[in-house]
Amino acid sequence: MTTHAPQAAQAVTLPTTLDEAVAALTAVPAAVPVAGGTDLMAAVNSGQLRPAALVGLGRISEIRGWQYLDGHALLGAGLTHARMGRPDFAALIPALAAAARAAGPPHIRNAGTLGGNIASAAPTGDALPVLAALEATLIVAGPGGARREIPVSHLLAGMDMLRAGELIGFVRVPLLHAPQVFLKATGRTGPGRAVASVALVLDPARRGVRCAVGAIAPMPLRPLDAEQWVAGLIDWDNNRALVPEALSAFGEYVAAACIPDAAPAEDGSVAQLPPAVLHLRRTVAALARRALGRALS
C-alpha cells in the first residue's frame, strides 16, 4: 500500500527462479526488482520513485536459505533480517546475526532482506560493515544463465556495478570460526538508524584483525593500518592477549583514520573540527575499542 495514487498501471512479474527473474528484468529494462520493499516503498511513498514495472522476488525459494560450500557460507539474497537473527544463524556468522537483529523494528526485520540491504547501499545499512569486514563476495546472476562474482566492497564503492538485467543471487561469506562483533550507536533508544557502527572480526588463521566502520560515509570504511598495527600486538599464542592500553589506542587509531583532522591551511594552522564531528569521532573510537575488547575476551 502507498499513500500516493499511482500515475499509471504497473506491470508486476512474479518469477519462481533466479533465471526467470533475470529474464524479466532483461525484457523490461525499466523494471525494478523488489523483495522486502522496505527501502523501495519508502521511496515510492515519498514520491521519489515511480517504477514502470516490478519484478517480485518473494517466490524464489533458492535465494531464501543458505548452504555450506568449501569453507564458506553461501547466503541467499532473499534471507530476511529476522531469519538471520535466529540462534542457528548466529552460531554461523555472529556479527551478521547481530546486525540483522539491530536492523529495526520487527516489521522491518521480517520484510527486509540481505540482498536488498546490499543493493540499496544505504550508508546506514547494518549488514554492510559486517560484509566488508568479512570480505564477502557477491554471486551475481545475469542473462543467459551467466554468473559472476564480485567483492561486496567493490559494488559499494562503485568500482563494479550491476549490469543491465543482473541481479544479486547469493552472498559468499568465509567461515572464520572466530569471535565476531557488531556494535552500533543510534540517535535514540532502541532499534534505529545508525549514527555510527563498527564490525570487527578476528582471523586467527592469518593472525589478522578486520574492522569496518559504517554509517559515517557513503560506504563502509576499512582502517587497514589500524588493523595491521593491533594485529601485531596481539599474542595469538597466549589466549589472544592484548594490553589494555592497546584497546584505547586502537579505538583512537580507527576513529582518526575514518574521521581525520582538517587539512592544514596555507599558514600551517589546523582548524578545529566542529563539535558534532568530534563527538562522532569519539563515538567511533568507543565502538571500535569495545568491539575489539569483546572479540578478545
Side-chain angles (χ1 to χ4, degrees), residues 38-39 42-43 81 94-104 108 112 114 116-136 151-159 161 180-202 209-231 247-264 270-295:
T38 54
D39 290 324
H81 300 304
L96 192 54
R101 289 192 294 266
I108 295 295
L114 177 62
N117 210 221
I118 299 168
S120 63
T124 54
D126 292 319
L128 304 186
V130 178
L131 296 175
L134 289 169
E135 298 180 348
V152 171
S153 58
H154 285 195
L155 178 69
L156 298 178
M159 297 168 60
M161 304 299 291
Q180 305 174 9
V181 178
F182 171 80
L183 298 174
K184 80 174 185 178
T186 63
R188 59 185 177 85
T189 303
R193 291 189 179 276
V195 173
S197 61
V198 168
L200 188 139
V201 301
L202 300 184
V209 175
R210 301 186 206 161
C211 177
V213 179
I216 67 171
M219 71 194 87
L221 303 177
R222 286 280 303 275
L224 299 178
D225 288 342
E227 293 177 1
Q228 184 176 4
W229 173 78
V230 79
L247 287 176
S248 296
F250 174 72
E252 297 297 334
Y253 201 161
V254 170
C258 296
I259 308 175
D261 291 325
V270 178
Q272 182 76 4
L273 293 175
V277 177
L278 288 174
H279 176 71
L280 183 60
R281 181 192 271 188
R282 288 192 293 268
T283 300
V284 171
L287 291 175
R289 181 183 70 248
R290 292 171 188 169
L292 180 60
R294 293 187 185 184

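The residues of the chain are indexed from 1 along the displayed sequence. Hydrogens, waters and symmetry mates play no part in the numbers below; they use all other heavy atoms, side chains included. Computed from a prediction, not measured in an experiment: that's the story for all the values here.
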Exercise for review: Before giving the answer on side-chain contact (heavy atoms from CB on, under 4.5 Å), spell out for Phe182 and Asp126 the whole-Å C-alpha distance, their side-chain angles and the decisive distance to 0.1 Å.
Suggested key: CA-CA 9 Å; Phe182 171 80; Asp126 292 319; 3.8 Å; yes

Review point. Is the side chain of Arg222 donor-acceptor paired with the backbone N or O of Ala212 at a distance under 3.5 Å, no angle test?
Key: no

**Study point:** Minimum-distance pair of heavy atoms, taken over all atoms of Pro260 and Ala257
**Key:** CD-O, 4.1 Å

Study note, to complete from the structure: Between Ile216 and Cys258, the two heavy atoms sitting closest are CD1-CB, 3.7 Å

Review point. Under 3.5 Å, is there a donor-acceptor pair between the Thr124 and Arg193 side chains?
Key: yes

Practice item. Any chance you could measure Leu292, atom CG, to Leu183, atom CG, to the nearest 0.5 Å? Key: 11.0 Å

Practice item. With rounding to the nearest 0.5 Å, note down the distance linking CD1 in Ile259 to OG1 in Thr283. Key: 8.0 Å

Point to revise | Interatomic distance, Arg289 atom CZ to Glu252 atom CD [nearest 0.5 angstrom] | key: 8.0 Å

Review point. Does Arg210 reach the main-chain N or O of Leu134 with its side chain, forming a donor-acceptor pair under 3.5 Å?
Key: yes

**Study point:** Step-by-step side-chain contact (heavy atoms from CB on, under 4.5 Å) determination, Val209 to Trp229
**Key:** CA-CA 9 Å; Val209 175; Trp229 173 78; over 6 Å; no

Check your understanding: So which heavy atom on Leu200 is nearest to which on Ala295, and how close?
Key -> CD2-CB, 3.7 Å

Review point. Judged by atom type as modelled, is there a donor-acceptor pair below 3.5 Å linking the side chain of Glu227 to the main-chain atoms of Cys211?
Key: yes

Review point. What heavy-atom pair brings Val201 and Ala133 nearest, and what distance separates the two atoms?
Key: CG2-O, 3.7 Å

Study note, to complete from the structure: When every non-hydrogen atom of Ala291 is compared with those of Val198, the smallest separation belongs to CB-CG1, 4.1 Å

**Study point:** Test item: Val277 and Gln272 side chains (from C-beta on) under 4.5 Å apart, heavy atoms
**Key:** no

**Study point:** Verdict with reasoning, Val213 to Ser197, per side-chain contact (heavy atoms from CB on, under 4.5 Å)
**Key:** CA-CA 6 Å; Val213 179; Ser197 61; over 6 Å; no

Review point. When rounded to the nearest 0.5 angstrom, what is the spacing between CE in Met219 and CG in Leu155?
Key: 11.0 Å

Review point. Out of curiosity, Leu273 CG to His279 NE2, how far, rounded to the nearest 0.5 Å?
Key: 14.0 Å

Check your understanding: Are the side chain of Asn117 and the backbone of Ala127 linked by a donor-acceptor contact shorter than 3.5 Å?
Key -> yes

**Study point:** Leu131 CG to Leu156 CG distance, which is reported to the nearest 0.5 Å
**Key:** 8.0 Å

Review point. If only atom types and distance count, is the side chain of Lys184 paired as donor or acceptor with the main-chain N or O of Val195 below 3.5 Å?
Key: no

Exercise for review: Specify the closest pair of heavy atoms between Ala99 and Val130, including all atoms of both residues, with the distance to one decimal.
Suggested key: CB-CG2, 3.9 Å

